[in-house]
Amino acid sequence: MKKFLIEYVSIIGYSVTGLIFGLAFFLILFNFYHAKEVSETYVKNENYVDVYTRNKGLLEQVKNNIAGFDANNFRGHPAQTDLLSMKSRIDMCVSSFETSKANDIFTKKEVSVLDVYNLLTHYQSDIVNDCVTMQLYSLKNYTGSLASFESVRPFIENNAMVLTNDLDYVKRSLQNNSSFGFSSEYDKINIFNLTRDSYTRIENSYQNSVNLLVNVSEWFKKAVGGAV
């Protein structure tokens, strides 16, 4: 009887071990399949110019717009400290654009869905959060001596909300289209289209971010010169 029980337990043990190895093999195969799937790339047009390179000139324009303010020699109105604070915020924004890890993906010749997700993460963190939200949108409560700021405040607030909502939409699209089974050819086409469309939408958002910063710097230049 004892020998029978030992053999019975052994059979169960071997069966469980076999099931575990079978499940492990399936998961390895499943993960390999999806790793290959998410590495499928969207190849950009041969005449394509990445959005980062295309906007370098605008970022230089922003730098030039704020370079005209010299805190050591400024004797006009409004308060020197307010202008210095505004200049610092705009300068930090330029730095966010220039040092963003998103630029490494923008300058690729082809991108995968994983690249797009990483691009979304870096762009949202480095530019939308660090620049648009922390440096610009936070000015919604500004009560300093720059009375003309009221003319640009609604523009900043509206654009900040649009950029945030746009990125939330892209993130939901990427997450909702994650597949948990072996995909058909139709699913692969959807992944390709999602990669292309999401990448294009982030590019448009980046362009709008640059335009927002240019407009703020143009207002700053006029405020320094007393034109507003």
A.B. asks: Determine whether Leu194 and Val116 make a side-chain contact, defined as any pair of heavy atoms from C-beta on separated by less than 4.5 Å.
C.D. replies: no

A.B. asks: Identify the two heavy atoms, one from Phe69 and one from Gln80, that lie closest to each other, and give their separation to 0.1 Å.
C.D. replies: CZ-O, 3.9 Å

A.B. asks: Nearest 0.5 Å, please: how far is CG in Asp115 from OG1 in Thr195?
C.D. replies: 9.0 Å

A.B. asks: Between Glu60 and Asn64, does the side-chain hydrogen bond (donor to acceptor under 3.5 Å, both in side chains) criterion hold? Intermediate values first, please.
C.D. replies: CA-CA 6 Å; Glu60 287 300 317; Asn64 292 333; 5.4 Å; no

A.B. asks: If the test is side chain to side chain contact (heavy atoms under 4.5 Å, CB included), which one of Leu212, Asp126, Val94, Leu136 qualifies with Cys131?
C.D. replies: Leu136

A.B. asks: Out of curiosity, Ser88 OG to Leu83 CG, how far, rounded to the nearest 0.5 Å?
C.D. replies: 12.5 Å

A.B. asks: What ring pair (Phe, Tyr, Trp, His ring centres under 6.0 Å) pairs are there with at least one residue in residues 119-139, not counting sequence neighbours?
C.D. replies: none

A.B. asks: Tell me whether Tyr48 is reachable from Val111 by hopping between hydrophobic residues (I, L, V, M, F, W, Y) whose side-chain heavy atoms are closer than 4.5 Å.
C.D. replies: yes

A.B. asks: Nearest heavy-atom pair of Val170 and Ser198: which atoms, and what distance?
C.D. replies: CG1-CB, 3.9 Å

A.B. asks: Which atom pair, heavy atoms only, marks the closest approach of Thr133 to Asn129?
C.D. replies: CB-O, 3.4 Å

A.B. asks: What residues form a side chain to side chain donor-acceptor pair (under 3.5 Å) with Lys44, not counting sequence neighbours?
C.D. replies: Tyr199

A.B. asks: Is there a side-chain hydrogen bond (donor to acceptor under 3.5 Å, both in side chains) between Tyr206 and Asn55 once you walk through the steps?
C.D. replies: CA-CA 9 Å; Tyr206 180 95; Asn55 282 282; 5.7 Å; no

A.B. asks: Would a single hydrophobic cluster contain both Phe155 and Ile90, if residues Ile, Leu, Val, Met, Phe, Trp and Tyr are joined by side-chain heavy-atom contacts under 4.5 Å?
C.D. replies: yes

A.B. asks: Considering non-hydrogen atoms only, spot the tightest contact between Ile127 and Ser96 and give its length.
C.D. replies: CG1-O, 4.0 Å

A.B. asks: Measuring only between side-chain heavy atoms, which start at C-beta, is Leu163 closer than 4.5 Å to Asn208?
C.D. replies: yes

A.B. asks: To the nearest 0.5 Å, how far apart are CD1 in Ile105 and OH in Tyr117?
C.D. replies: 12.5 Å

A.B. asks: Flag the pair Ser100 / Tyr52 as yes when at least one side-chain heavy-atom distance between them is below 4.5 Å, and no otherwise.
C.D. replies: no

A.B. asks: One thing to verify: whether Glu203 and Arg54 come together as a salt bridge, which I'm taking to mean a side-chain N less than 4.0 angstrom from a carboxylate O.
C.D. replies: no

A.B. asks: Using a cut-off of 6.0 Å, state whether more than 12 heavy atoms not belonging to Lys101 lie near its atom NZ.
C.D. replies: no

A.B. asks: Which heavy atom of Val214 sits nearest to which heavy atom of Ser217, and what is that distance?
C.D. replies: O-OG, 2.7 Å

A.B. asks: With no hydrogens and no angle check, is any side-chain donor or acceptor of Ser151 less than 3.5 Å from a backbone partner on Ser148?
C.D. replies: yes

A.B. asks: Quick one: do Glu218 and Lys221 make a salt bridge, cutoff under 4.0 Å?
C.D. replies: no

A.B. asks: Gln124: what forms a side chain to side chain donor-acceptor pair (under 3.5 Å) with it, not counting sequence neighbours?
C.D. replies: Lys171

A.B. asks: If you measure from NZ on Lys63 to CG on Asp91, what distance do you get to the nearest 0.5 Å?
C.D. replies: 8.5 Å

A.B. asks: May I ask whether Leu146 and Leu84 are part of the same hydrophobic cluster, defined by side-chain heavy atoms of I, L, V, M, F, W, Y residues being less than 4.5 angstrom apart, directly or through others?
C.D. replies: yes

A.B. asks: In Å and rounded to the nearest 0.5 Å, what is the CD1 to CZ distance from Ile66 to Phe220?
C.D. replies: 7.0 Å

A.B. asks: Is there a continuous path of hydrophobic side-chain contacts, each under 4.5 Å between heavy atoms, that joins Tyr142 to Leu213?
C.D. replies: yes

A.B. asks: Give the intermediate values and the outcome of salt bridge (Lys or Arg N to Asp or Glu O under 4.0 Å) for residues Arg201 and Asp166.
C.D. replies: CA-CA 8 Å; Arg201 189 150 189 160; Asp166 211 32; 2.6 Å; yes

A.B. asks: Which heavy-atom pair separates Leu139 from Arg153 by the least distance, and what is that distance?
C.D. replies: O-NH1, 3.2 Å

A.B. asks: As an exercise, state the distance from OG of Ser85 to CD of Gln135, rounded to the nearest 0.5 Å.
C.D. replies: 8.5 Å

A.B. asks: Sub-3.5 Å donor-acceptor pair from the side chain of Ser209 to the main-chain atoms of Ser205, do we have one?
C.D. replies: yes

A.B. asks: Would you check if the side chain of Asn103 reaches a backbone N or O of Phe97 as a donor-acceptor pair within less than 3.5 Å?
C.D. replies: yes

